[in-house]
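Please read the structure below before turning to the comments.
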Amino acid sequence: MTAEPRPDHPAVHRAHAVQDRDKNAGIVSRGIGAFLDLLVVWIILGACYLGLALMKFAVTVSEFHFPQLNILFTTTGFVITSVFYLSTCWEVTGRTLGSVVMGLRVVNSKGVRVRPAVAVLRALFCTVFAIGLVWVAVDRRRRSVADIVFRTRVIYSR
């Protein structure tokens, strides 16, 4: 079954249509989504570490040992990876992997995808000030500190 085609849009199968609701997402669904995104970033960082170790092994087989973790390097890598992952996902689709699992989407105040600059700034803010997500639990309109600062919303989307 396909939806009725409109003259300006091609026919879309109903199973593939995205249906956004106007309801802001709550703390539980957003918290679980954020945790899943944190796992994705850790997996990416782990894969980069293993890739670095593999390259080091290929160059120095006889003297190989795993690279030492440095707190500055690890923290910088975490921030860069998180910002890149979050901003790219929010800019392109409005959804990260955690958002897809939880049925969420980040939109601007008009209900459309955020602009690239807003996506990068929001990602940086959410990475450095992650505790701002807790504000969703006390805000009447279910907004995090990042939502208030950047005039965004996280809505339910299927």
Side-chain angles (χ1 to χ4, degrees), residues 3 9 12-56 66-158:
H9 289 56
V12 176
H13 191 275
R14 284 192 180 138
H16 299 289
V18 174
Q19 300 168 355
D20 288 344
R21 293 176 32 201
D22 199 33
K23 184 177 180 185
N24 288 354
I27 185 67
V28 173
S29 54
R30 289 178 71 166
I32 293 171
F35 178 73
L36 293 173
D37 290 333
L38 180 62
L39 289 178
V40 169
V41 170
W42 283 345
I43 289 169
I44 293 169
L45 288 173
C48 290
Y49 177 77
L50 290 176
L52 179 65
L54 184 62
M55 286 191 309
K56 187 174 181 179
F66 278 97
Q68 293 287 14
L69 294 177
N70 177 328
I71 190 70
L72 180 63
F73 180 74
T74 305
T75 303
T76 304
F78 176 80
V79 170
I80 290 170
T81 304
S82 295
V83 170
F84 181 76
Y85 167 71
L86 292 172
S87 63
T88 302
C89 291
W90 290 337
E91 179 184 337
V92 174
T93 64
R95 304 174 82 166
T96 60
L97 183 63
S99 298
V100 170
V101 171
M102 297 309 297
L104 306 175
R105 179 179 307 276
V106 175
V107 296
N108 66 13
S109 59
K110 296 177 184 175
V112 296
R113 276 195 318 251
V114 294
R115 293 187 331 251
V118 173
V120 171
L121 291 173
R122 187 179 194 277
L124 182 61
F125 189 89
C126 289
T127 300
V128 174
F129 190 64
I131 195 71
L133 179 62
V134 176
W135 191 252
V136 173
V138 296
D139 188 71
R140 233 177 10 124
R141 296 182 349 201
R142 297 177 171 179
R143 297 175 302 169
S144 69
V145 175
D147 292 331
I148 295 168
V149 170
F150 297 105
R151 296 183 180 146
T152 58
R153 298 173 44 218
V154 178
I155 59 173
Y156 290 108
S157 177
R158 290 284 177 194

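- If you take OG on S144 and CG on N24, they are separated by 10.0 Å, rounding to the nearest 0.5 Å.
- When side chains are defined from C-beta on, F84 does not count as touching V41, because their heavy atoms never get closer than 4.5 Å.
- The shortest side-chain heavy-atom distance between T74 and Y49 does not fall under the 4.5 Å cut-off.
- One finds the CD1 atom of I32 at 10.0 Å from the CD1 atom of I27 (value rounded to the nearest 0.5 Å).
- Between the CZ atom in F78 and the CZ atom in F73 there is a gap of 14.5 Å [rounded to 0.5 Å].
- The pair D22-R153 meets the salt-bridge criterion, with a side-chain N (NZ, NE, NH1 or NH2) lying under 4.0 Å from an Asp/Glu carboxylate O.
- To the nearest 0.5 angstrom, T81 atom OG1 is 12.5 Å from I43 atom CD1.
- Using a 4.5 Å heavy-atom threshold, the side chains of I148 and W135 count as touching.
- At least one side-chain heavy atom of F129 sits under 4.5 Å from a side-chain heavy atom of I131.
- No side-chain heavy atom of L36 sits less than 4.5 Å from a side-chain heavy atom of L97.
- For the salt bridge (Lys or Arg N to Asp or Glu O under 4.0 Å) condition, the pairs that include at least one residue of residues 120-135, sequence neighbours left out, are R122-D147.
- A123 approaches S87 most closely through the heavy-atom pair CB-N, 3.7 Å.
- Side chain of R113 to main chain of E91: a donor-acceptor pair is present (N/O by atom type, distance under 3.5 Å, no hydrogens or angles).
- Test T93, L86, L104 against S99 for side-chain contact (heavy atoms from CB on, under 4.5 Å) and you get one pass: L104.
- None of V114, I155, T96, V118 except one satisfies the side-chain contact (heavy atoms from CB on, under 4.5 Å) rule with V106; the exception is V114.
- Summarising the geometry, atom OG1 belonging to T76 is positioned 8.5 Å from atom CG belonging to N70; distances are rounded to the nearest 0.5 Å.
- With hydrogens and angles ignored, the 3.5 Å screen pairs no side-chain donor or acceptor of R105 with any backbone N or O of S157.
- For Y156 against G26, the heavy-atom pair with the smallest separation is OH-N, 3.3 Å.
- For the pair L133/R30, a side-chain contact is recorded, criterion being any heavy-atom separation below 4.5 Å from C-beta on.
- Here the CG atom belonging to L121 is positioned 11.5 Å from the OG1 atom belonging to T152, to the nearest 0.5 angstrom.
- When every heavy atom of G98 is checked against every heavy atom of D37, the shortest pair comes out as N-OD1, 2.8 Å.
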